[in-house]
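A short worksheet on the structure shown next.
For this chain, numbers begin at 1 and follow the sequence in order.
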Amino acid sequence: KYNSLSEEYQAYVHNWSKLDNIDDYYNLYSNLEFVSADGGWAVKAKSDSAAKITGDVVIPATYKGQEVKTIPEKAFAGCTAMTSIAIPDTVTSIAGGAFYNCIALKSITLPFVGTSSTATGEEANFGFIFGRDSYTGSTGVEQYYGSYSSRTFYIPAQLRSVTVTKATQLGYCAFQNCSMLTEINLCDSIIAVNSYCFENCKGIKAISLPNVTVIPNGAFKYCALLE
């Protein structure tokens, strides 16, 4: 399969895989679609290819010399055999419902929480990128984005680990009620968290925030296992 690629595309596969497990990377590449957007690329599963994207997925930071910048709406919807996905730091926006119905997802790596690093309101909630439509294998998670305003997002019930790699802050109620999570790994660049950010994350045992100097009201409310 690898030999069927042009020399140019063989180079892409080499760059992604570093010559390791080349068939897996070929299978991933052949099921992704790159579309010009925002001076770079948007990436998504090809039409009718969602079920073919399996296991651990690493999205490349560049394609044809330009950065991958956008994950569009429903980009990986229905990737029911994908167990983890890593989004590169080059990405600046992730649309609502991008990971809808990814029922096998156990781990996700993101540059930020929500739709962008500057998102506000419901778009700054972790659940936003999974969408508001329920599906078998999801857990309904209510998250507030204002004192009296909330949304219920449907997050894969098997999701356990989240890693945030580039953010400088976490929004109001960002991870609120994500009780399915057992691990949240945060980058040292985070300098601020907002109220009720981790409320009712009752499966979390440890969180490191070395550069946050003020812990706001209710940030760790009902985090009974937190050490």
Ignoring hydrogens and angles, write down the donor-acceptor pairs under 3.5 Å from the side chains of residues 212-222, residues two or more places apart or on other chains.
residue	atom	partner	partner atom	Å
Asn217	ND2	Tyr196	OH	2.7

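Counting heavy atoms of neighbouring residues, nucleotides and ligands inside a 6.0 Å radius, atom NZ of Lys106 does not exceed 12 of them.
Classification of the Phe198-Phe175 ring pair by plane angle, with boundaries at 30° and 60°, yields parallel.
By the 4.5 Å heavy-atom criterion applied to side chains, Arg151 and Asn125 are not counted as neighbours. Between Val113 and Val162, every side-chain heavy-atom pair lies at or beyond the 4.5 Å cut-off. Within the 4.5 Å cutoff, the side chain of Val43 has heavy atoms near those of the Ile71 side chain. The closest side-chain heavy-atom distance from Phe99 to Ile87 is below 4.5 Å. Side-chain contact between Thr83 and Asp56 is present, with at least one heavy-atom pair separated by less than 4.5 Å. Looking only at side-chain heavy atoms (C-beta outward), Gln143 and Phe128 stay at 4.5 Å or farther from each other. Between Leu181 and Ile155 the shortest side-chain heavy-atom distance does not fall below 4.5 Å. At least one side-chain heavy atom of Phe76 sits less than 4.5 Å from a side-chain heavy atom of Ile59.
In the hydrophobic clustering of this structure, Val91 groups with Val164; members are Ile, Leu, Val, Met, Phe, Trp, Tyr whose side-chain heavy atoms approach within less than 4.5 Å, directly or through other members. At a threshold of 4.5 Å between side-chain heavy atoms, the hydrophobic network of Ile, Leu, Val, Met, Phe, Trp and Tyr places Leu110 and Ile207 in one connected group. Following chains of ILVMFWY side-chain contacts shorter than 4.5 Å, one cannot reach Ile85 starting from Phe153, and the two form parts of different hydrophobic clusters. Following chains of ILVMFWY side-chain contacts shorter than 4.5 Å, one can reach Ile108 starting from Val57, so the two form part of one hydrophobic cluster.
Side-chain atoms of Thr80 do not come within 3.5 Å of backbone N or O of Cys102 as any donor-acceptor pair. Proximity of a side-chain donor or acceptor of Ser36 to a complementary backbone N or O of Trp41 within less than 3.5 Å is not detected. A donor-acceptor pair under 3.5 Å is absent between the side-chain atoms of Asn31 and the main chain of Ile53, judged by distance alone. With Gln176 contributing its side chain and Tyr144 its backbone, the two residues share a donor-acceptor pair below 3.5 Å. Of the possible polar contacts, none joining the Thr54 side chain to the Ala81 backbone as a donor-acceptor pair under 3.5 Å is found. Looking at Lys44, its side chain never comes within 3.5 Å of a backbone N or O of Lys74 through a donor-acceptor pair.
In this structure, the separation between CD on Glu67 and CG on Asp89 is 10.0 Å, given to the nearest 0.5 Å. Rounding to the nearest 0.5 Å places OG1 of Thr152 at 9.5 Å from CZ of Arg132. For the atom pair SG of Cys223 and CD of Glu199, the computed distance is 8.0 Å after rounding to the nearest 0.5 Å. Note that CD of Glu183 and CD1 of Ile204 are 7.5 Å apart. Values are rounded to the nearest 0.5 Å. Summarising the geometry, atom CG belonging to Leu105 is positioned 5.5 Å from atom CE belonging to Met82; distances are rounded to the nearest 0.5 Å. Rounding to the nearest 0.5 angstrom, the gap separating the OG atom in Ser84 from the CZ atom in Arg160 is 14.5 Å.
Minimum heavy-atom separation, Ser93 to Phe112: N-CZ, 3.9 Å. When all heavy atoms of Thr92 and Ser116 are compared, the pair lying nearest together is O-CB, 3.4 Å. Nearest heavy-atom pair, Ala98 versus Pro72, reported as atom, atom and distance to 0.1 Å: CB-O, 3.7 Å. For the pair Ser30 and Lys46, the tightest heavy-atom approach, listed with the atom from each and the gap, is O-NZ, 3.1 Å. Scanning both residues, Val193 and Leu209, for their nearest heavy atoms gives CG1-CD1, 4.1 Å. Scanning both residues, Ala45 and Cys79, for their nearest heavy atoms gives CB-SG, 4.3 Å.
Under the 3.5 Å distance criterion, with hydrogens and angles disregarded, no donor-acceptor pair is assigned to the side chains of Ser189 and Asn211.
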### Task
Run the numbers on Leu32 and Tyr63 for side chain to side chain contact (heavy atoms under 4.5 Å, CB included), then give the verdict.
CA-CA 11 Å; Leu32 292 180; Tyr63 177 72; over 6 Å; no
### Task
Run the numbers on Leu159 and Phe130 for side chain to side chain contact (heavy atoms under 4.5 Å, CB included), then give the verdict.
CA-CA 11 Å; Leu159 187 63; Phe130 298 97; 4.0 Å; yes
### Query
side chain to side chain contact (heavy atoms under 4.5 Å, CB included) between Leu170 and Ile190: does it pass, once the steps are laid out?
CA-CA 8 Å; Leu170 298 175; Ile190 293 174; 4.1 Å; yes
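Here Tyr135 and Tyr100 bring their ring centres to under 6.0 angstrom of each other.
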